[in-house]
Amino acid sequence: MFTVSTDPTVGSDTAAAEKKISGRIDPGVRAVVVAVVVLLLLLSFALPHTGAANAWDVLVHDDDAVAESVALPSRIFVWLTLVFAVGFSALALVTQRWALAWVALYGSGVATVLGVLAIWSRQTVPATVVGAGPGIGLVLGWLLVIVLAFHWFKVVWNRSNAQWAAAAARRDAAVMDDARRENVLDTSRRPAD
């Protein structure tokens, strides 16, 4: 726990400590869950996305993806999943930076919406177009992105004990500074004897 001192430099030290701590996340046990979900997402890329095309084929728009008439929502979903749900999640876990966790959350949230559109686009293929319905890889990937977005939401909105203590110490230091200023003002306004 931080203590409040009457030293005028303590407030700036407390502010610097709070600023340093506030840029970090403490995922705790959720770090393991996020890491496992990221690995499962990568494994889901090898499963059939639709028909004979897996997510890697959709990602690079391979011949299998072209043969299955993969639509734009599926391609965007796979790219968002790879960049945000896998890439930024891994970066946020390794660096424990709050900003990267927010980017992973937002990207996973957008990927969740695009996952719905990707599944819908596979279910509504016109009769004149050749293509199968959504595969297990697409559905599993979408569900895993939802789980990942949920856990990132919980991580970025929870503050660690050190962050709460630093904020309290900074508030206490601000109160002490105000009290010292009032005391100085009161003594300067008193008439001289």
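Here the structure is a predicted model, which is why all the values come from computation and not from measurement. Any value given below was found using the heavy atoms of this structure, including those in side chains, with hydrogens, waters and symmetry copies removed.
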Would Val103 and Phe84 count as a side chain to side chain contact (heavy atoms under 4.5 Å, CB included) if you check the C-alpha gap in whole Å, the side-chain angles of each, and the deciding distance to 0.1 Å?
CA-CA 7 Å; Val103 171; Phe84 292 103; 3.7 Å; yes
Starting from Val113, can I reach Ile146 by hopping between I/L/V/M/F/W/Y residues whose side chains sit under 4.5 Å apart?
no
Roughly how far, to the nearest 0.5 Å, is OG of Ser44 from CG of Leu144?
6.0 Å
So which heavy atom on Val145 is nearest to which on Ala111, and how close?
CG1-CB, 3.8 Å
Hey, is the main chain of Trp152 close enough, under 3.5 Å, to the side chain of Arg30 for a donor-acceptor pair?
no
Any side-chain heavy-atom pair from His61 and Val66 closer than 4.5 angstrom?
yes
Between the CG atom in Asn54 and the CG atom in Asp64, the distance rounded to the nearest 0.5 Å is 7.5 Å
Would you say Phe150 and Val33 are hydrophobically clustered, going by side-chain heavy atoms of ILVMFWY under 4.5 Å?
no
Hey, could you give me the CG/OG distance between Leu138 and Ser121, rounded to the nearest 0.5 Å?
7.5 Å
Should Val116 and Val70 be counted in the same cluster of Ile, Leu, Val, Met, Phe, Trp and Tyr side chains packed under 4.5 Å apart?
yes
CG (Leu100) and CD1 (Ile25) are apart, to the nearest 0.5 Å, by 8.5 Å
Please name the pair of heavy atoms, one in Leu93 and one in Ala35, separated by the smallest distance, quoted to 0.1 Å.
CD1-N, 3.8 Å
Does Val94 belong to the same Ile/Leu/Val/Met/Phe/Trp/Tyr cluster as Val37, with side-chain heavy atoms less than 4.5 Å apart forming each link?
no
Please find the pair of heavy atoms, one from Ser89 and one from Leu148, that lie closest to each other, and give the distance.
OG-CD2, 3.5 Å
Are the side chain of Thr50 and the backbone of Pro134 linked by a donor-acceptor contact shorter than 3.5 Å?
no
Are side-chain heavy atoms of Val139 and Leu143 found at a separation under 4.5 Å?
yes
For the residue pair Gly141 and Leu41, what are the closest heavy atoms and their distance?
O-CD2, 3.6 Å
Determine the interplanar angle of the Trp102 and Tyr106 rings, folded into 0 to 90°, and report it as parallel if under 30°, tilted if 30 to 60°, perpendicular if over 60°.
tilted
Hydrophobic cluster membership, Leu72 vs Leu80, 4.5 Å side-chain cutoff:
yes
How long is the gap from CG on Leu42 to CH2 on Trp56, to the nearest 0.5 Å?
5.5 Å
So which of Leu114, Val110, Val58, Thr81 actually passes side chain to side chain contact (heavy atoms under 4.5 Å, CB included) with Ile76?
Leu114
Quick one: CG on Leu82 to CZ on Phe77, what's the gap to the nearest 0.5 Å?
11.0 Å
Which pair of heavy atoms, one from Glu68 and one from Ala132, lies closest together, and at what distance?
OE1-N, 3.0 Å
Determine the minimum heavy-atom distance between Thr112 and Ala149, stating which atoms define it.
OG1-CB, 4.3 Å
